[in-house]
Each structure stands twice: as structure tokens, then as C-alpha cells.
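Just so it is clear, the values below take in all heavy atoms, side chains as well, and ignore hydrogens, waters and symmetry mates. By convention in this document, chain letters (A, B, ...) are assigned in the order of the sequence lines, proteins followed by strands, and residues within each chain are numbered from 1.
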Amino acid sequence: MDQRLERILPKVQKPARYTGGEYGEIMKNKAEVDLRFALCFPDTYEIGMSNLGLRILYGVLNQMEGVWCERVFEPWRDMAEEMKTAGIPLYALESGDPVRNFDILGFSVGYEMSYLGILDMLDLAGIPLRSAERTELKPLVFAGGTCMYNPEPIADFIDLAVIGEGEEADAELCLLYRRARDEGWTKAAFLKAAAQIPGVYVPSLYDVSYHADRTIAAITPKDGAPAAVTKRIIQNLDESYFPSKTIVPSTEIVHDRTVLELFRGCIRGCRFCQAGYVYRPIRRKSKDLLLKQAFEALSDSGYEEISLSSLSTSDYRELDGLCDGLLEWCEPRKVSLSLPSLRADNFSMELMKKVQKVRKSGLTFAPEAGSQRMRDVINKNVTEEDILNSCRTAFEGGWSAVKLYFMMGLPGETDEDILAISDLAFKVLQCWKKYATNKNRGVRITVSTSCFVPKPMTPFQWEGQNTMEEFRRKQQLLKDNMRSKAISYSWHDSTVSFIEAVLALGDRRLGPVLESVFRRSGGLAAWEEFFSEEAWNAAFTEKGVDPAFYANREKGEDELLPWSIIKTGVSEAHLKRERVLSREARTTPDCRTRCAGCGARTLSREGKCDD
Amino acid sequence: MIKCRILFEKVGRAKYVSHLDLMRTFQHSFIRAGIRIKHTEGFNPHPYISIALPLQLGCESLCELLDIQLEDGDVIETIPERLNPWLPEGVRALSAAPPVGRVGQLRRVRCAAELIYDDGNAAARLDGLQELFARPNLIIEKKTKRGVGELDLAPHIGDVKLKAVTETVLRLEAVVSAMEPTVNPSNLTDAVTRNAPALAPDFARYRRLEVYDAEMRVFR
């Protein structure tokens with residue numbers, strides 16, 4: 001180990017996250033690889049190592065001949081300071097080699113607030129922040145992940161973005177890079193060629209012009225770049241890579257367990273949910289393969305907990321059989337099974353009992369809105385009766401703690417809708433009083449509200465976000481109207497949500513703002529202790545950018561949106577139809593009941609969706 | 001159940017794995033290795049393991065002891081070879097045998113410190129350090145559950161050996177008290193920093209070498 005590193009590690013919190021050397025990490029002989037790939041996660045080790053996507057890409061890239069993919073995370077502030085003082089540039093965990101000497105840096109970006117983390121990591125690596133300042137092919141800096149459905153806010157910093165699922169596109173990029181390097185292409189030549197890979201978006205190949213009112217006038221491709229970049233999907237999940245053998249961290253991470261992905265996509269069509277739209281079409285894995293992979297992954301990791309992952313676990317067609325098969329293996333081995341993302345409408349006693357057999361976890365329901373009208377506006381398709389029935393089932397089954405998640409600031413929301421949250425929580429309390437089998441332990445009902453952030457690629461992409469003042473007024477209103485001490489209420493800070501909306505809905509004019517905020521307050525902005533409202537305000541003022549233009553303004557349906565080049569397969573016509581229905585508080589049935597004709601099916605080679 | 005005590009080392013990058021994290025790492029590793037061990041009772045059962053003397057973060061060791069209980073019929077001696085492929089880098093089982101002594105009988109630890117002097121003049125500190133460790137009193141600050149107190153190390157350190165290894169490195173070896181009080185290897189440099197600041201190294205590495213009972217018999 002680098003002696004300089006050895007000297008600073010005793011001074012920082014949780015040094016094990018900076019050393020690598022965990023069970024399952026992939027070490028390669030440097031003499032036998034010709035492409036060094038830094039898989040970068042712009043947040044801490046504990047968050048990044050909990051990300052299944054990162055583990056999948058790590059495995060996929062390391063399967064490639066001649067490629068060594070290593071992990072890089074954003075160090076906590078204490079470590080970053082020590083590294084700067086000691087003159088240690090950002091390094092990869094496996095080899096300890098400086099990231100700036102790698103061929104490719106691929107950032108996985110799932111949360112807008114981690115944009116500053118990208119800048120932080122580039123800066124710590126000693127790599128120029130702006131793509132234009134990096135004139136050589138090496139190192140190539142790109143980003144993928146859910147945020148890249150609107151990559152424009154970070155257009156200045158990345159050389160390209162991979163839109164959609166990265167398993168295949170990342171590998172294709174590596175092959176093209178290798179060819180470009182071996183044949184001595186310029187960076188410009190490489191980017192021009194990369195833009196021809198399906199799903200690759202090269203921001204510098206698009207000129208953006210603006211109207212006097214600051215809206216976008218035109219986005220003009222050049223050098224043969226495509227006029228539309230359609231996201232990549234994996235056609236057949238059963239044939240795709242699953243990390244049965246994966247890294248088991250030697251220090252505690254956020255989700256320290258085996259994660260089994262059941263399917264991608266969601267049949268529900270909740271109108272606020274970006275994931276629900278961008279992961280279409282629905283592709284599931286077969287039950288028997290899942291069981292096989294679960295047993296392999298549990299055996300190889302030694303984990304004693306397995307969690308099923310998807311956008312809506314209860315919609316997996318063979319969930320009962322899957323759970324039975326898992327429990328049959330898990331129970332004698334004392335492995336517990338957790339089922340997040342269950343819907344309140346089909347939450348069954350039987351399923352709950354099954355899960356309870358090994359270990360009992362807390363229950364969380366997400367009605368998202370308090371009133372039926374509002375739930376219809378967002379197409380949640382859950383009724384109050386569903387929620388209360390599920391709570392009754394839970395209380396009868398011995399649960400005594402229920403969390404209820406809601407969003408505030410949904411389109412068309414009134415104070416009545418806010419107060420309905422309090423009413424619903426009170427009804428849940430009454431339900432407990434009526435049906436709880438064990439009242440001695442008391443009940444804990446926790447209501448949490450987040451601030452709605454309109455997201456690209458959803459029917460609400462044109463909506464303006466409530467102002468921070470409006471959010472605070474609504475939070476106070478709800479707080480004043482909570483009807484029992486057994487119900488506790490917590491809420492998200494509206495300032496962070498406002499910045500999230502600016503970044504989610506923003507365009508490339510935010511580049512200078514991001515850089516200015518980074519220079520003022522550093523990275524790790526997703527962490528409350530490092531989020532600086534002052535830094536953001538100062539940066540907006542300095543760069544002459546009005547954040548409300550992005551966050552609070554309702555956009556015209558004929559307006560050219562910053563992410564117009566990017567296509568998810570879901571047609572804009574479908575989004576507009578859904579928006580009209582939402583304004584009439586009319587629901588759209590789930591995709592299994594009736595196909596809504598969103599268009600995502602066209603991405604499947606066989607035209608399949610939720611088969 | 002068969003009582004089993006594993007002697008293991010923890011070196012290299014693994015020295016930054018904390019005591020609690022190491023326990024969890026072993027729990028996972030036994031499962032990976034298919035070695036079935038006794039679980040704790042109760043609502044949330046997990047593999048029962050016990051490590052004799054928690055090792056300070058950042059300190060290496062060649063003599064850690066871990067107690068488990070194997071299922072009847074298991075063969076103790078094969079544990080290292082079955083377990084080692086499943087452990088993270090730097091953690092390695094050296095041997096396994098039925099426990100000889102009770103953990104409470106573990107009284108002394110031989111440890112080593114590499115004292116590093118960046119000016120390349122390590123040997124110049126040799127005499128001063130010899131004198132320092134021969135003093136009748138060697139007070140250090142010691143954090144306890146009740147706060148910061150003072151401890152006289154002198155009665156709890158013995159068999160001090162000092163040697164210049166290279167121009168920048170001095171090797172300090174000593175036998176220290178393992179329990180009541182617990183003397184950590186880093187306390188040796190704490191004593192230097194507090195009582196002879198001019199001799200304090202720029203950096204130090206620590207390692208436990210062997211554990212003993214009260215009569216200085218190797219403890220297993």
C-alpha cells in the first residue's frame with residue numbers, strides 16, 4: 001500500500017471504505033490488460049456498493065478480455081482533505097492506481113444531487129472538469145444511469161452519456177475506444193464515431209440556440225450525430241449478466257444483503273414516476289432462474305438476508321412460487337427474505353405470513369396522496385379501502401409500526417388534498433384500534449411527505465414545481481392538523497427538492513452554475529451536512545441564471561425541452577394523453593389490464609412487453 | 001458441539017477492518033465456506049463467534065484468536081484450509097484446535113512498532129528511547145468509558161527491545177499487558193510523544209506478534 005495513504009488512513013472515519021481488498025473484488029495482472037476502466041460512483045462507498053447496477057456493470061466489464069474495471073467512490077470530506085494535503089490523487093480501490101491514468105471513467109448517476117460528486121471526483125483525480133479542456137482521447141469521461149434521461153445539466157463535463165441500460169452499450173464503447181486508441185484517432189473522431197452507437201449521446205455534437213424568452217429555439221445535431229438517441233434495453237433478462245459472484249464489503253454498507261432483480265419496468269403507470277416510464281417495456285426473469293441465482297449469490301456471499309428488487313414486487317407474476325422456493329431454501333439456513341415495493345392493493349395475508357416466518361420487518365405503504373381525487377390525478381390506482389385493508393391485515397398479523405409515504409405539491413393539489421393526508425393517517429390509527437391483536441405495544445404511525453419534483457419523460461414533465469414557500473406552508477398546514485400523538489410527521493426540506501427540480505429539468509446553461517457551486521461548497525451535496533443553500537444562491541446570481549425558470553415555470557407542450565433528443569420509447573403523444581387524463585382526475589388501467597399503447601413495446605425486438 | 005479456537009492473522013489492507021466489521025466478515029465467511037457453526041439464540045439468530053482481544057484499528061496481528069462451536073462430527077484441524085479461500089485479502093486462519101485456556105487467562109501481548117523518521121536519522125533516537133523506556137514512570141493519557149484519564153505504562157511494559165532497521169525505521173518490541181489495563185501497541189508511541197516529544201516518530205506501524213498467559217506461556 002502507498003505509504004502516503006497508510007499515513008492518512010488512521011486519521012479518517014471508516015478507513016476500510018478506502019482500501020479495497022474485500023472478498024470478491026476482481027484483481028487482474030496489469031501486464032495482461034490493455035484497457036483500464038474506472039467505474040465511478042459519485043457518492044460514498046456505502047451508497048455505491050449498495051447499488052445493484054454498479055455490481056452488474058463491474059461484472060460485465062471485467063468479463064471482457066483485456067479490460068480491468070475497478071471501483072471508485074467519492075471520499076468523505078475528511079478523507080478528501082487528507083488526500084489533498086498529502087498529494088494523493090483519487091485512486092481506484094482494486095489497484096490503488098491514480099484514476100487520471102485510466103483509459104475510461106464511467107460515472108453511474110442515479111440522483112441529480114450527485115452531479116457535484118462528479119466534479120468532486122474529477123477534481124480529486126486531477127482531471128480537468130470540462131470536456132472541452134480534455135483534448136486527448138484518454139481519459140474518456142462518460143456517464144450513465146437514470147439521470148441521463150436529461151444529461152444536459154452536465155453536458156459541459158462529460159464527453160458522452162449512455163442512455164438506458166448499460167450492460168451492452170458500455171462494452172461496445174470499450175471496444176470502440178480500444179480501436180480508436182490503437183489506430184491513433186483524435187478525441188473528436190472518436191466522439192463522432194461513438195455517436196453512431198445506439199444509445200450514445202454526445203452533447204458536444206449538438207448546438208443549442210435559445211429564444212429571447214430563454215426557452216430553447218433549436219437543438220441542431222452536427223457531424224452526423226443522430227437527431228434522436230433512443231435508450232438501450234436488454235432484450236432478454238434471462239440471458240443477461242447477474243452478479244452471482246460479487247463483492248462482499250468488509251465494512252457495513254447501506255443495503256448489506258443479496259439483491260435479486262425480478263423484472264425491469266412497471267405495469268402501473270403512476271404519472272409522477274420517472275422510473276415507471278423510463279424502464280419500459282416490462283421484462284421479467286423466469287422464476288427458476290431467479291431461484292438458481294439467489295441460491296448461488298447467497299452461497300457465494302454468505303449473506304443472511306435477501307431482498308427482492310423491482311419497481312413493484314407484488315406485480316411479479318410468479319411471486320408466490322418464487323417466495324415458496326426461496327423460503328424452502330432460506331428457512332433452514334436462517335436466511336431472511338425481505339420484500340420491498342409491495343403495493344397496498346394486493347398485499348396478502350398469506351404473503352406477509354410467509355415473510356414473517358423467518359424475520360419480521362417494518363411495514364411501509366406509499367399512498368403518495370391523501371385524497372382519492374389526487375391519487376387518481378397521479379394514477380396511483382390505490383383506493384383508501386385498499387390501504388385500510390392492507391393495514392388491517394398488517395395489524396391483525398401483529399405489526400404495530402406503519403410508515404406512510406406521501407408527496408406534496410402534486411399538480412392541481414389543494415389544501416383539501418393536504419388535509420386528506422391527515423384524515424387517512426387517522427383512519428389508519430382507528431383501524432389499529434379496531435383490529436390490532438396486540439395493543440399492549442402501542443402503535444407507531446409515521447407520516448412522511450416529500451416535495452414533488454417533476455421529472456423528464458413523465459406526463460408531468462411540463463408541470464412547474466410548487467415554490468419553496470408553498471411547500472413550507474403546506475407542511476405547516478399538515479403539521480397543525482395531525483390528529484393524534486400516535487401519528488408522527490416528518491417532511492423533506494423543500495430547498496433540496498427545489499435544487500433537484502432545477503437539475504432534473506435543467507439544460508446545459510447550468511454547467512457554469514454547477515462548477516461555481518462546486519468551487520464554493522464541494523461535493524457530497526446529497527448529504528445534508530454538505531448541502532449549501534447559500535452556495536447555490538450565490539452561483540445562480542453570479543451566473544445570471546434564474547432557477548425558477550427551470551423548476552417552477554410550467555412549460556408549454558409545444559416547447560422544445562432540453563431532453564428532446566433523448567427517446568425512451570414512450571411516445572410524447574402518450575405522455576400528453578396521460579397529462580390530459582390527469583387534469584380530469586381520470587385513471588389509466590395498469591398495463592396488464594389493458595395496454596395503454598405507450599410505445600415502449602417497439603423497443604422489444606419481438607414486440608414483447610409483460611409477456 | 002465442538003469448541004474450536006482459530007488462530008488467525010490480520011495483515012495488510014485488512015488492518016483497517018474494524019473489530020465489529022471483522023466479526024461480520026467471519027460470519028459471512030463461515031457460511032461461504034459451508035462450515036456450520038452454532039448460532040445465537042433468539043429472534044434474530046446469527047452465527048456465534050467471539051474474538052478474544054479486540055484489535056485496534058490500523059494494527060496488524062499474527063496472533064488473533066477466534067472462538068466458535070462446530071457441529072458434532074466436524075474435524076477441527078481442517079478448518080483453516082476450508083475457511084481460507086473464503087476470507088478477504090489479509091485475513092488468514094493459521095491453525096485451529098480446541099481451546100486450551102480461558103480467555104480471561106490471556107494476560108500479555110508481544111507487540112512491535114515500526115517507528116518511522118522521515119529525516120533518515122532513526123538511529124540517532126535509539127539511546128534516547130532506551131532511556132525513556134527504562135524510566136520508572138511513563139505516564140500517558142488514556143481514554144476510558146469515563147473520560148480521559150492518566151495511566152502509568154511503566155509497570156505494564158516489559159522486555160523492551162529497540163533496533164535500527166533502516167535509516168528511517170526503528171523497530172520497537174515489547175511485551176505489554178493485555179487486560180486490566182489493556183495496553184495498545186500505539187500506546188508505546190503515545191508514551192514517546194508525551195514524555196519525549198523530540199523522539200516522536202513521524203509515523204508508526206503496529207503489529208501484535210504473540211499472546212501469553214500470566215506466566216508468559218504462549219496462550220492458545
* Asked: Just checking, any donor-acceptor pair under 3.5 angstrom between side chains of A/Tyr58 and A/Gln63?
  -> no

* Pick from A/Lys28, A/Lys30, A/Arg71: which one makes a salt bridge (Lys or Arg N to Asp or Glu O under 4.0 Å) with A/Glu94? -> A/Arg71

* Asked: Any side-chain heavy atom of B/Phe26 sitting closer than 4.5 Å to one from B/Ile68?
  -> no

* To do: For salt bridge (Lys or Arg N to Asp or Glu O under 4.0 Å), just list the numbers for B/Arg110 and B/Asp159, CA-CA rounded to whole Å, side-chain angles, deciding distance to a tenth of an Å, and then say yes or no.
  => CA-CA 9 Å; B/Arg110 181 179 299 278; B/Asp159 200 14; 3.1 Å; yes

* Asked: Ignoring hydrogens and geometry, is there a side-chain-to-backbone donor-acceptor pair from B/Lys10 to B/Val17 under 3.5 Å?
  -> yes

* Asked: If you check every heavy atom in residues 9-25 of chain A against those of chain B, which residues fall under 4.5 Å?
  -> A/Leu9, A/Pro10, A/Pro15, A/Ala16, A/Thr19, A/Gly20, A/Gly21, A/Glu22, A/Tyr23, A/Glu25

* **Under 3.5 Å: donor-acceptor pair, side chain of B/Asn187, backbone of B/Asp190** => no

* Quick one: what part of B/Leu20 sits under 4.5 Å from any heavy atom of chain A, side chain, backbone, both or neither? -> neither

* Asked: Considering residues, nucleotides and ligands other than B/Phe203, do more than 12 of their heavy atoms fall under 6.0 Å from its CZ?
  -> yes

* Note: B/Arg171-B/Glu114 ion pair, threshold 4.0 Å (strictly below) -> no

* Go through the atoms of B/Thr25 and report whether side chain, backbone, both or neither lie under 4.5 Å from a heavy atom of chain A. => side chain

* To do: Name the member of B/Pro47, B/Ser18, B/Gly12 that forms the most heavy-atom pairs with chain A at distances under 4.5 Å.
  => B/Pro47

* Spell out, as yes or no, whether a donor-acceptor pair under 3.5 Å connects the side chain of A/Arg333 to the backbone of A/Trp329. => yes

* Intermediate values then yes/no, salt bridge (Lys or Arg N to Asp or Glu O under 4.0 Å), A/Glu296 and A/Lys292 -> CA-CA 6 Å; A/Glu296 283 172 2; A/Lys292 178 174 169 282; 3.2 Å; yes

* Asked: chain B contacts: which residues in residues 247-258 of chain A have a non-hydrogen atom closer than 4.5 Å to it?
  -> A/Val248, A/Ser250, A/Thr251, A/Glu252, A/Asp256

* Decide whether B/Thr189 and B/Tyr206 meet the rule of one side-chain donor and one side-chain acceptor closer than 3.5 Å. => yes

* Asked: Side chains of B/His46 and A/Glu304: do they bring a donor and an acceptor to under 3.5 Å?
  -> no

* Asked: Does the side-chain contact (heavy atoms from CB on, under 4.5 Å) test come out yes or no for B/Leu65 and B/Leu7, once each step is laid out?
  -> CA-CA 5 Å; B/Leu65 296 172; B/Leu7 176 74; 3.7 Å; yes

* **Ring centres under 6.0 angstrom apart (A/Tyr303, B/His28)** => yes

* With distance as the sole test, does B/Asn184 use its side chain to make a donor-acceptor pair with the main-chain N or O of B/Ser186 at under 3.5 Å? -> no

* Asked: Taking B/Asp21, B/Leu22, B/Ile31 one by one, which has the highest count of heavy-atom pairs under 4.5 Å against chain A?
  -> B/Asp21

* Interface residues of residues 77-96 of chain B facing chain A - non-hydrogen atoms under 4.5 Å apart -> B/Pro85, B/Trp86, B/Leu87, B/Pro88, B/Glu89

* Name the region of B/Arg24, side chain, backbone, both or neither, that has any atom closer than 4.5 Å to a heavy atom of chain A. => side chain

* **B/Ser61 versus B/Glu64, side-chain donor and acceptor atoms under 3.5 Å** => yes

* Structure fact -> Within residues 81-91 of chain A, the residues sitting under 4.5 Å from chain B by heavy atom, in sequence order, are none

* Return yes if some donor-acceptor pair links the side-chain N/O of A/Glu70 with the main-chain N/O of A/Ser95 below 3.5 Å, else return no. => yes

* Full working for side-chain contact (heavy atoms from CB on, under 4.5 Å) between B/Ile51 and B/Phe8 -> CA-CA 10 Å; B/Ile51 295 177; B/Phe8 70 95; 4.3 Å; yes

* Indicate whether any N or O donor in one side chain lies under 3.5 Å from an N or O acceptor in the other, for A/Trp527 and A/Asp43. => yes

